[in-house]
There are 2 protein chains.
Amino acid sequence: MVELDQRKRVVLRAVVEAYVRSAEPVGSEHPALLEELRVSPATIRGVLAALEEIGLLTHPHTSAGRVPTDQGYRAYVDMVVEGERLTPAERSAVRRRLGAGGEEPESLTDQAARVLASITQYASVVASPTLGAQTFASLHLLPLGERRALAVIVTDAGTLQGRAIELPDGVAADDLERLSHAVTRRLQGLRVADLTRDRLEQVTGEVSRHQHVLEALKAWLTRDLTREGRARLRVEGTRHLLREPEFRQPEAATSVLEALEEHTVLAQTLAAAPEAGVLISIGSENQAAELRACSLVAASYRVGGRPGGVVALVGPTRMRYRRAASAVRYVADRLSEALGNPA
Amino acid sequence: MVELDQRKRVVLRAVVEAYVRSAEPVGSEHPALLEELRVSPATIRGVLAALEEIGLLTHPHTSAGRVPTDQGYRAYVDMVVEGERLTPAERSAVRRRLGAGGEEPESLTDQAARVLASITQYASVVASPTLGAQTFASLHLLPLGERRALAVIVTDAGTLQGRAIELPDGVAADDLERLSHAVTRRLQGLRVADLTRDRLEQVTGEVSRHQHVLEALKAWLTRDLTREGRARLRVEGTRHLLREPEFRQPEAATSVLEALEEHTVLAQTLAAAPEAGVLISIGSENQAAELRACSLVAASYRVGGRPGGVVALVGPTRMRYRRAASAVRYVADRLSEALGNPA
DNA sequence: TTTTAGCACTCTCCGGGCAGGAGTGCCAAC
DNA sequence: GTTGGCACTCCTGCCCGGAGAGTGCTAAAA
C-alpha cells in the first residue's frame, strides 16, 4: 500500500463518507470536500486525480464524480481505526434482547441476529455456537414410551441436542439411567468434537449388555459432529439490502440473496473472523464470487470462555463500516456475556 | 360467483395456464386458445371480452392481451380440482430429506422448508410444531455445575425445550431427580398448553422443600407457553421470488420480503390453513396488505396425530397453483409421518 | 343466431436525435 | 503550490415517429 500524505487521507475519508451517505458520486465541488480542505475545487481535482491514479477512487464515466474502489474502502477502513459508538438507546436495545439470561443458546442467537439487523439496517448473519466446540456436560437417555428413548446431549453452555432412538426389548428405565451415567462419567469435560468413536469404545466394557443402544449412540454422535457440527446460520434483515441502490437491479439482488441463502459459502467466509477485533471483508476481497458486490463485517463471540461462533453484517461495499464494526463487536460481546457463564 | 358455461371455462383455464407459463398477456390469437377451441380469433375475442366483463380477466392496456385478475385465479383454482402430481424424483427427494427418522422436529421442519422451496422454486414457509399443542412427556432437571441446572421439557414428539435455572444452596442431584419425577408424574399426558400455574400448584405439596425451584419452573413454563408458544417460522427460498418478473421492481420485492421477514403477519395468515386439504389465498384475498401481491398455498401437518403446524408456499399470484398445492400437501403428509409416531 | 373476416383504432415499445448539465482535465496566471 | 478559466466528454431526460400487437366493431357468411 502506497503511503498517503495528510491531504490525500483527508480527501479519501471525506469522499468515502460522503458517498456512503448519499450513494452519489462526489465531485470536486462537493461541500464536504470544500469545507474539509478550504481550498478551491481545482486543487481538490488534483488530489482526486492522484487518488484515482493509485487505485483508490474511480469514476463511472467522464462527467461523473468520484466513487471509492474496493481498495479505497480498504484504505479508509485501515486508516479510520475507531468505531462509531452506538447510541445509548441502541446499546440498551441490544442488552434488553440478550440480557434476559438463562435463555437457550439457540434463541439467543436468534435475538442477536434480529437486533443486529434492526439497529444497522443491513442483513445480519449469526452462526450459532458449533456444538463441536462446546464442552460435553452430560448424556441422558429419557424414556419416550415403550420402546423408544430420547438421547440428549447437554453442553455446559446449556445447548441441548436430542435424537430419538429405538430400543430393543427388555431395556428398563434403570438400564437407561445406568447407561447415561456411565457415558457421562466417561466423557464429561471433553469437547463435543472429541467424542469420537474411540472414546465411546471405552465405555463398552462397563455396560456391555446394551451394546446396540451404545451402537446407536455412537452412530448418532459421530454423524452429528460432522453434519450438525457445522454451525447453523441465521440470516435476518435481508429486506434492508433491497433498499440499497446497488441492489436495485434485480440481478444484483438475486445474487446476494443467493449467497445469503447458500449457507456453505457464507460459512466459509465467516470462519475467517478473528477471535478478537472485527473482520472486514470488502467486495472483491471476498472469496465467494456471489459476495463480490457486498462487504462483510464479522466478529466472534465466545461460549463459556471458548470460541463459540460469529456474528456478522452483510451490506453493500458502500457500507457504514465504522458503525457496522461497532455494532457487530458490541453484539458479539453481549452475546459472549449471555453465553459466557458456565457453571 | 356467476356460473360459467363450458366455453368460458375452457378459455379461462387456457388463459390462466398460458399466462402462468409465460408471464405475458395472452391475446385472442394465442396458439393455446386456438388449439383448445378451434374457432377463429374473432370468436375468442368475444369470450375474452365476456370474461373481462365479469371481472375474471383484465388487460393492462388497450393493445395488450388478457391477464387473469385475482378473481380469475380464484375461479380457476376452484374449477380445477385435481393437483398436478409431483414427479417420482421429486417425491423421493422429499422422502429422502424427511424420511431419515428419529430426527428432532426442529431439524425436520428445517428440511421440509428447504426441500419444498427447492422443488417448487417458490419461497416456502414452515411453522414448526407449536409446543403448546404437543403432549408433555417429561420434565428433567439436569445438574449443570454447582448451582445451576438445566430444566428440560420433553414432549412425546421428541421436542426438547430447555432453560437454565439458578439453584439455591443445598440442592443435591437427588433432590433434582425427585422433583423432576414428581412433576413428570403429575403432568404427564397433558398438552403443554395446559401446564398452567394451577396444575403446577398441585405438585407443591409433595416437594415443598424446593419451593423456589418450583417457582422458577412455573415462571418458565407459563412464560414459555405465551411467548415460545407462537410457532417459529422458517422461511426458505426467498431468492426464487426475485426471479419472478412481478418482483423485478424493487418496491414490489421489498414489500414481499418484508412480509416474509415479519413473522407475525405471516403467522396470522397461516393460522387459517385447514386441517385437511389445502388453503389457497390469492392476492387481494390476503388479509395482510404486504401479501396482496402474492398468493399463499398452505397445508397443515400433524404431530403425533394432533394438529402440529403448517407448511406453505408463497409465490406471485401468477403461480402454479395445482403444482404448489400438490407439493405442499405431499410435504405436509410426509412431515406428519415423520413426526407422527408417538411412542 | 352464431361465427368469421376485415378494418380502423389505440396504446406500448423501441430507437434516434437533441439540449442541458455535471464534472473533468489542462493550462496559464497568481 | 494554488487558482480561475475553459474546452471537452459523457450521461440523462425528453420528445418524436414508426412498428407492432391486440382490441372492438361491423357487416357478411354459415
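All values derive from a computational prediction rather than experimental measurement. By convention in this document, chain letters (A, B, ...) are assigned in the order of the sequence lines, proteins followed by strands, and residues within each chain are numbered from 1. Only this structure's heavy atoms are used, side chains among them; waters, hydrogens and symmetry mates stay out.
Remark: C1' of D/dT3 and CG of A/L33 are 17 Å apart, rounded to the nearest angstrom. Look at CD1 on B/I44: it is 11 Å from P on C/dT3, rounded to the nearest Å. If you take CD of B/E29 and C1' of C/dG6, they are 12 Å apart, rounded to a whole angstrom. Between B/E24 atom CD and D/dG22 atom C1' there is a gap of 14 Å when expressed in whole angstrom units. Straight-line distance from the CD atom of A/E53 to the P atom of C/dT24: 16 Å, rounded to whole Å. Atoms CD (B/Q6) and C1' (C/dT2) sit 18 Å apart, rounded to a whole Å.
When the side-chain nitrogen and oxygen atoms of A/R7 are compared with OP1 and OP2 of D/dT2, one or more of them lie within a distance under 4.0 Å. Regarding contacts with the backbone of D/dA21, every side-chain N or O of B/S63 stays at 4.0 angstrom or more from both OP1 and OP2. Distances shown here put a side-chain N or O of A/S28 below 4.0 Å from the OP1 or OP2 atom of C/dT24. Listed pair B/R66 / D/dG24 meets the phosphate criterion, a side-chain N or O lying under 4.0 Å from OP1 or OP2. Proximity of B/T43 to the phosphate of C/dT2: no side-chain N or O atom is located under 4.0 Å from OP1 or OP2.
Within a 6.0 Å sphere centred on CD of A/E251, other residues, nucleotides and ligands contribute more than 12 heavy atoms. Annotation: B/E82, atom CD; neighbour count of heavy atoms from other residues, nucleotides and ligands within 6.0 Å is above 12.
Between A/H59 and B/R45, the one whose closest nucleotide on DNA chain C sits nearer the 5' end is B/R45.
Of the candidate nucleotides C/dT10, D/dT23, D/dG4, C/dT10 has the atom nearest to the side chain of B/T62.
Using a cut-off of 4.0 Å between Lys/Arg side-chain N and Asp/Glu carboxylate O, A/E285 and A/R292 are scored as not salt-bridged.
Contact between B/R318 and B/P245 at its shortest, heavy atoms only, is NH2-CD, 3.4 Å.
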